[in-house]
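What you see below is based on every heavy atom in this structure, not just the backbone, and it leaves out hydrogens, waters and symmetry mates. Throughout, numbering of the chain's residues begins at 1 and tracks the sequence. All ligand and atom numbering here is 1-based and tracks the order in the structure.
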Amino acid sequence: MRIESVTLREIHLRLKGPFETSFGSISERRILLVEVESRGATGWGEATAGEGPFYNSETTDTSWIVLTRFIVPLVLGRDIENPEEIPELLASIRGHEMSKAAFENAVWDMVAKEKGISLAKLLGGTREEIPCGVSLGIRENPRELLSAISMELTSGYQRIKIKIKPGKDLNFIESVRNEFPHIKLMVDANSAYRLEDAPHLKKFDDFGLTMIEQPLAWDDIWEHAKLQAMLNTPVCLDESIHNLHQTRAAIEMRACRILNIKLGRVGGHRTARRIEEYCRAQAVPVWCGGMLESGIGRAHNIAMSTLPGFILPGDVSASQRYWEEDIIEPEVVVTPRGTIEVPTAPGIGYRVRRERVNALTVRSETFRAVAKNISTGVQT
Ligand code: OSB
Ligand code: MG
């Protein structure tokens, strides 16, 4: 398929409430959407970069620049047989995985639509329904966290993840465990601790956590291996893993026993699939992480979560948890058993609400391939 046009749009979407992590708080998302077009078929992707470079080094603005100045020129007018080719096409660009993923994933959606099959099926997914968990931002006090958790459990979510940071950790974990002795509970530190905190983190072992996510530096693997050797609680890496070779390094070093896969962080569906395959062969469970995505990113996460290695509930929750009104139709809903039923319609399986996207757009730019038929001079 020849990439005939690429359209970038930045939309602003207000979260229902602020989301706080160890690296900051966010109330309104600035989301970059990518739409690709070929022979009348279109596909959608979402750059999952944050507003500031605090989760990783990318931001909405850097993503806009990297897409317009470097990614689009490499792909516009190219014939792509299979979206698997895209990482090689973009290999000269170092890093910027979220920007690359936004484009690559849009092509996956478009190709699935052209073939008339769901993206989940095109990726090789095997699940018709995926297990869901929720990620809860840091609260003022344990009491507020407990009431938020009761609500989520009532909705059916299968596991609870709480964000923690130094000073807002043990007392929160202990309160949650006392109130809910049997739930699947995990914590995410987003790199808020140092290896010297190991004796403190060791105390978490008393609470039967399913894992502790990314306790140490965002760019470290080795110290996580040292930490994992001291803990009974499995370590799960998030920020540190951007590709297959870092995955291998982490698992060979025993830096983690579980892996969070985020499509943006690893550069798109192709690499995500390879990481899933490798982890499955090593018997390392994986799950799908979230980045407060709009419906488009969420739909890609759902498709990825159908791969067989995604055996743990992911941070893939209902549209209504984050947005008053999503940009896709139908919205993502969660069943009372805490699952999402994977759509079977072609591509991502949800319709993008163009009128709503247009109303939320603050800037957009379209790039069109130049006409191909030079010999006749006819512009096609
Ligand atoms: O570390 O998983 C994370 C949100 C923004 C940045 C990083 C993370 C998160 C979440 C939210 O935990 C997951 C979601 O989208 O529900
Ligand atoms: Mg995380």
Side-chain angles (χ1 to χ4, degrees), residues 13 15-31 46-60 63 97-98 130-139 145 148-149 151-152 155 157-165 169 185-193 209-220 224 234-242 250 256 258-266 286-302 304-305 312-323 326 332 334 338 340:
L13 207 50
L15 290 162
K16 275 187 169 175
F19 189 83
E20 187 181 336
T21 64
S22 62
F23 59 79
S25 177
I26 171 80
S27 299
E28 190 179 51
R29 295 287 341 274
R30 293 177 56 199
I31 296 171
E46 173 170 340
T48 59
E51 292 64 33
F54 310 123
Y55 164 81
N56 68 354
S57 62
E58 295 184 83
T59 73
T60 313
S63 210
E97 290 85 2
M98 290 172 165
I130 61 160
C132 305
V134 287
S135 173
L136 289 164
I138 297 171
R139 303 295 147 123
L145 180 61
I149 292 176
M151 267 181 48
E152 304 293 3
S155 306
Y157 288 103
Q158 299 185 16
R159 75 96 170 95
I160 300 290
K161 157 168 141 181
I162 62 172
K163 295 285 192 178
I164 55 165
K165 63 179 181 183
D169 48 17
L185 178 66
M186 60 172 288
V187 295
D188 186 358
N190 289 108
S191 298
Y193 299 89
L209 303 177
T210 51
M211 72 196 89
I212 172 169
E213 186 178 346
Q214 196 72 33
L216 307 182
W218 63 276
D219 55 353
D220 165 77
H224 280 96
V235 169
C236 168
L237 289 178
D238 174 357
E239 280 89 331
S240 298
I241 304 297
H242 303 94
C256 64
I258 297 174
L259 197 71
N260 161 329
I261 301 182
K262 286 182 181 166
L263 271 171
R265 201 193 68 227
V266 304
V286 303
W287 55 279
C288 174
M291 289 297 295
L292 312 175
E293 289 95 341
S294 79
I296 293 173
R298 207 163 287 276
H300 278 282
N301 288 344
I302 293 167
M304 175 178 77
S305 302
L312 296 167
D315 284 342
V316 193
S317 47
S319 300
Q320 279 295 320
R321 277 197 75 239
Y322 290 115
W323 318 115
D326 206 335
V332 175
V334 166
I340 291 171

**Message:** Using 2.8 Å as the threshold, say whether any N, O or S atom from Asp315 sits that close to the Mg ion (ligand 2).
**Reply:** no
**Prompt:** Closer than 2.8 Å to the Mg ion (ligand 2), do we get an N, O or S atom from Glu239, backbone or side chain?
**Reply:**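 Checking the Mg ion (ligand 2) against Glu239, no N, O or S atom falls under 2.8 Å.
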**Request:** State if Asp238 counts as touching ligand 1 under the rule of any non-hydrogen atom under 4.0 Å.
**Result:** yes
**Prompt:** Judged by non-hydrogen atoms, does Gln214 sit under 4.0 Å from ligand 1?
**Reply:**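 In this structure, Gln214 fails to qualify as a contact of ligand 1 - no heavy atom is under 4.0 Å.
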**Request:** Look at the side chain of Arg298 and the backbone N and O of Ser317, then say whether any donor-acceptor pair between them is shorter than 3.5 Å.
**Result:**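 At least one qualifying donor-acceptor pair exists.
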Enter the distance from [X]:[atom1] to [Y]:[atom2] here, rounded to the nearest 0.5 Å.
X      : Y      : atom1 : atom2 : result
Met211 : Trp287 : CE    : CH2   : 6.0 Å
Ile164 : Ser22  : CD1   : OG    : 8.5 Å
Ile212 : Leu237 : CD1   : CG    : 11.0 Å
Lys163 : Leu145 : NZ    : CG    : 13.0 Å

**Request:** Measure the distance from atom 16 (O) of ligand 1 to every protein heavy atom, then report the residue, atom name and distance (to 0.1 Å) of the closest one.
**Result:** Tyr322 OH, 2.5 Å
**Request:** Among all protein heavy atoms, pick out the one at the shortest distance from atom 13 (C) of ligand 1; state its residue, atom name and that distance to 0.1 Å.
**Result:**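 The closest heavy atom on the protein side is Gly290 O, 3.4 Å.
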**Asked** What part of Asp188, side chain from CB on, backbone N/CA/C/O, both or neither, has a heavy atom under 4.0 Å from ligand 1?
**Response** side chain
**Prompt:** With a 4.0 Å heavy-atom cut-off (strictly under), which part of Asn190 contacts ligand 1: side chain, backbone, both or neither?
**Reply:** side chain
**Message:** Quick one, Arg30 with Thr59, criterion side chain to side chain contact (heavy atoms under 4.5 Å, CB included). Give me CA distance, side-chain angles, the key distance, then yes/no.
**Reply:** CA-CA 9 Å; Arg30 293 177 56 199; Thr59 73; over 6 Å; no
Would [X] count as a polar contact of ligand 1, with the cut-off being nitrogen or oxygen pairs under 3.5 Å?
X      : result
Leu292 : yes
Arg298 : no
Arg321 : no
Glu239 : no

**Prompt:** Mind checking whether Phe23 and Tyr55 have parallel, tilted or perpendicular rings, split at 30° and 60°?
**Reply:** tilted
**Message:** As a test of reading the structure, name the N/O/S atom of Glu213 that is nearest the Mg ion (ligand 2).
**Reply:** OE2
Which of the atoms of ligand 1 are close to [X], meaning less than 4.0 Å from one of its heavy atoms?
X      : value
Lys262 : 1 (O), 2 (O), 3 (C), 7 (C), 8 (C)
Tyr55  : 7 (C)
Ser135 : 10 (C), 11 (C), 12 (O), 13 (C)
Phe23  : 6 (C)

**Prompt:** Side-chain donor-acceptor pair under 3.5 Å between Asn56 and Glu239, yes or no?
**Reply:**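 On atom types as modelled, these side chains do not qualify, holding no pair under 3.5 Å.
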**Prompt:** Hey, are Ser240 and Gln214 close enough side-chain-wise for a donor-acceptor pair under 3.5 Å?
**Reply:** yes
**Asked** Passes salt bridge (Lys or Arg N to Asp or Glu O under 4.0 Å), Lys165 versus Glu20? Steps please.
**Response** CA-CA 10 Å; Lys165 63 179 181 183; Glu20 187 181 336; 3.3 Å; yes
**Request:** Could you walk me through whether Lys16 and Gln320 pass the side chain to side chain contact (heavy atoms under 4.5 Å, CB included) test, one step at a time?
**Result:** CA-CA 9 Å; Lys16 275 187 169 175; Gln320 279 295 320; 3.0 Å; yes
**Request:** Please calculate the OD2(Asp188)-the Mg ion (ligand 2)-OD2(Asp238) angle and round it to 10 degrees.
**Result:**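 Angle OD2(Asp188)-the Mg ion (ligand 2)-OD2(Asp238): 180°, rounded to 10°.
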**Request:** From atom 3 (C) of ligand 1, work out which of Met291, Lys163, Glu213 has a heavy atom at the shortest distance.
**Result:**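 Closest candidate by heavy-atom distance is Lys163.
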**Message:** As a quick check of understanding, evaluate salt bridge (Lys or Arg N to Asp or Glu O under 4.0 Å) for Lys262 and Asp315, giving each step before the final call.
**Reply:** CA-CA 10 Å; Lys262 286 182 181 166; Asp315 284 342; over 6 Å; no
